[in-house]
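Indexing begins at 1, ligand by ligand and atom by atom, following the structure's order. Hydrogens, waters and symmetry mates play no part in the numbers below; they use all other heavy atoms, side chains included.
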Amino acid sequence: MKKITVIGTGYVGLVSGTSFADIGNEVICCDIDSNKIEKLKQGFIPIYEPGLEEVVKKNTQLGRLSFTTDIPGAIRSSDIIYIAVGTPMSVTGAADLRFVTEAAKTIGQHLNDYKVVVNKSTVPVGTGKLVQRMIQSHLSNPHVTFDVVSNPEFLREGSALKDCMNMERAVIGATSEKAASIIAELHKPFNTEIVITTLESAEMIKYASNAFLATKISFINAVANICERVGADVTEVSRGMGLDSRIGSRFLNAGIGYGGSCFPKDTHALVHIAESAGYDFHLMKSVIRTNDQQRLVVVDKVKEVLGSLRGRTIAVLGLAFKPNTDDMRDAPSLQIIPALLREGAKIKAYDPIAAKEAVVHFGDQIEYVEEPYDTILNADAALILTEWEQVVSMDPKQMRKLMNMPVVIDGRNIFSPKTMQENGFIYHSIGRPPIHPEA
Ligand SMILES: NC(=O)C1=CN([C@@H]2O[C@H](COP(=O)(O)OP(=O)(O)OC[C@H]3O[C@@H](n4cnc5c(N)ncnc54)[C@H](O)[C@@H]3O)[C@@H](O)[C@H]2O)C=CC1
Ligand SMILES: O=C(O)[C@H]1O[C@H](OP(=O)(O)OP(=O)(O)OC[C@H]2O[C@@H](n3ccc(=O)[nH]c3=O)[C@H](O)[C@@H]2O)[C@H](O)[C@@H](O)[C@@H]1O
């Protein structure tokens, strides 16, 4: 059993802290956001993440998981300190390290004994060493020793706890064997592949992994755009490609491009890291450009069918960047809806979880509807932006009866073109031949 402090109780800190508690450690999750900590103390989970509430509750009741704003106290009472604060994109595209350096400073000021400081935030190569220097220069007790480790996180939102508890690998970048073995030992109950490497390589593994997945998505989206022009079907192309185990079928779904709190910022950050190191990462720049363009493909498609959008009612089904999350950070809907509004459309939007968060972005510029069928009632077109189960399970026959015009633009390829044709829809999806009822 280890005593662990996690600094930053967001998606990553809360989920990984809970996972460490669930395998038997004593974990204190801290944050500077007292609102968040107060809610957690009262048993309220500030983010939507399936399955998390029960496991937090269980471990809190067992006394293995607690929450505090007393970061110095938590630092002093732990053997291992995880940093899991945000590293948002700055105006230059580089990762903003202000929260990481602030956390490092606090750790330095309150270090009272040998501890392993582990960075879990996604950070540019060299940050581990920077954290080391920051802690060293803020030590109030100069005789205290510590080690810095990089242990990046690979969980996905929406399946975060499951991903954490069943991690496919633990990457441990360390400067000392002692620290590497402490963190490797900590991961033993996860029964996973352990990659022990340098700080720099561990930091690079995280960016390279996200950048590769983003590249796969932009690649298939580019292929989808070609498919549309040559009469091929990208879902079949993707299936045919994915069966080759060297390629693999995952992350080969064409759509409206990747969004979320990580792929967009991490791809930009990697371009920036490369640039600072004197390398022009033009491949990654193309991935980003392809993704930016892909987001607006659905707007072009709805304009192609309806002509002018002025005064038209468009039902938007799904606002979050992916299903099972309330996270709206860099969601494609944040670009698509303003583009539709600029064209003069009236928007009725549905999202089972993220609608509350969407209000922060759109205010009363759009109408929020609580039920998917009510959203498409009298609409001139429906735009599918997130493949929520509630949307995927909609019945086209029922949809057809409710809509003013039978137009569906499917940004996630959730419906079968044949079914949509049988139900009399004009149906445009991504990388598949468009369907017209008369065809
Ligand atoms: N969200 C995700 O799915 C994943 C995120 N990551 C990386 O993990 C890091 C954290 O991401 P999220 O959890 O999404 O961020 P988040 O924004 O949800 O949470 C960060 C938390 O840190 C707190 N914080 C900031 N400065 C602090 C300080 N000095 N002391 C204590 N708390 C402080 C904030 O109040 C906030 O609650 C980022 O580097 C991100 O790139 C990595 C894998 C997955
Ligand atoms: O560093 C991070 O934050 C995390 O980023 C992603 O996780 P996440 O952003 O939560 O979600 P993903 O499931 O990867 O989806 C990202 C975006 O790609 C899109 N996507 C995904 C797969 C696909 O085939 N096509 C596609 O367009 C999704 O719709 C979504 O907008 C990675 O999958 C995680 O491994 C990583 O830890």
Side-chain angles (χ1 to χ4, degrees), residues 5-17 29-37 40 46-47 49 68-72 74-75 81-89 95-107 119-124 127 151-160 163-164 167-169 203 206-207 209-214 216-221 224 234 238 242 248-267 269 291 294-295 318 320-325 327 329-333 385-387 411-413 430:
T5 279
V6 181
I7 302 183
T9 307
Y11 285 86
V12 167
L14 179 58
V15 174
S16 53
C29 285
C30 5
D31 209 287
I32 42 170
D33 183 342
S34 52
N35 248 339
K36 200 178 257 191
I37 293 298
L40 283 160
I47 53 169
E49 202 47 67
T68 187
T69 47
D70 176 15
I71 305 174
I75 291 170
I81 300 158
Y82 265 90
I83 301 177
V85 298
T87 47
M89 181 159 60
D96 181 348
L97 293 178
R98 133 172 65 135
F99 303 110
V100 173
T101 51
E102 196 51 44
K105 225 191 270 178
T106 312
I107 295 170
N119 181 52
K120 203 168 239 323
S121 299
T122 303
V123 292
T127 307
N151 174 217
E153 181 53 61
F154 300 98
L155 64 78
R156 291 162 300 169
E157 288 179 17
S159 54
D163 287 349
C164 232
M167 58 179 81
E168 291 181 328
R169 82 286 210 190
E203 289 165 345
K206 175 60 196 176
Y207 277 116
S209 301
N210 273 3
F212 186 77
L213 292 170
K216 237 181 145 180
I217 297 169
S218 273
F219 183 85
I220 201 65
N221 283 334
V234 76
S238 159
S249 58
R250 300 174 74 187
F251 281 73
L252 268 191
N253 296 322
I256 50 173
Y258 58 79
S261 69
C262 289
F263 285 174
K265 86 169 166 58
D266 292 348
T267 44
N291 195 59
Q294 192 65 18
R295 290 181 165 197
F321 77 101
K322 63 182 277 191
N324 294 322
T325 183
D327 200 344
R329 287 181 283 185
D330 226 325
S333 64
L385 300 190
T386 319
E387 64 276 35
R412 297 291 186 175
N413 289 352
I430 306 292

Within-4.5 Å side-chain heavy-atom neighbours: Thr127 and Leu97: yes

Backbone or side chain, does any N or O of Lys36 fall under 3.5 Å from an N or O of ligand 1? yes

Closer than 4.0 angstrom: is that true for some heavy atom of Lys216 and an atom of ligand 2? no

If the cut-off is 4.0 Å to any non-hydrogen atom of Lys206, which atoms of ligand 2 fall inside it? 1 (O), 2 (C), 36 (C), 37 (O)

Looking at Thr5 and Ala74, would you say the former's side chain and the latter's main chain have a donor-acceptor pair under 3.5 Å? yes

Where does Glu49 meet ligand 1, judged by heavy-atom distances below 4.0 Å: at the side chain, the backbone, both, or neither? neither

Is any side-chain N of the basic residue among Arg329 and Glu157 closer than 4.0 Å to the acidic one's carboxylate O? yes

Report yes if Glu102 has an N/O atom closer than 3.5 Å to an N/O atom of ligand 1; otherwise report no. no

Mind checking whether Ala84 has an N or O less than 3.5 Å away from an N or O of ligand 1? no

Counting only heavy atoms closer than 4.0 Å, does ligand 1 sit against the backbone of Ser121, its side chain, both, or neither? both

Provide the number and element of each atom of ligand 2 under 4.0 Å from a heavy atom of Arg412. 27 (O), 29 (O)

Counting both backbone and side chain atoms, is some N or O of Lys265 under 3.5 Å from an N or O of ligand 1? yes

If we only count N/O pairs under 3.5 Å, is Glu387 in contact with ligand 2? no

Glu157: numbered ligand 2 atoms lying under 4.0 Å from its heavy atoms: 10 (O)

Return the residue, atom name and 0.1 Å-rounded distance of the protein heavy atom closest to atom 10 (C) of ligand 1. Val85 O, 3.3 Å

Quick one: does Gly259 get a heavy atom under 4.0 Å from ligand 2? yes

Report yes if some heavy atom in the side chain of Arg295 is under 4.5 Å from a heavy atom in the side chain of Ile256; otherwise report no. no

Give yes if a backbone or side-chain nitrogen or oxygen of Glu157 is under 3.5 Å from a nitrogen or oxygen of ligand 1, and no if not. yes

Evaluating non-hydrogen atoms only, which member of Asp33, Asp31, Val15, Ile71 is closest to atom 34 (C) of ligand 1? Asp31

Quick one: which ligand 2 atoms are inside 4.0 Å of a heavy atom on Glu153? 37 (O)

Ligand 1-proximal atoms of Arg156, by part, heavy-atom distance under 4.0 Å: neither

Taking heavy atoms and a distance under 4.0 Å, where does Leu155 meet ligand 2: side chain, backbone, both or neither? backbone

Can a non-hydrogen atom of Cys262 be found less than 4.0 Å from any atom of ligand 2? yes

Starting from atom 14 (O) of ligand 1, find the nearest protein heavy-atom neighbour and note its residue, name and distance. Arg329 NH2, 3.0 Å

N or O contact, Thr87 vs ligand 1, cut-off under 3.5 Å: yes

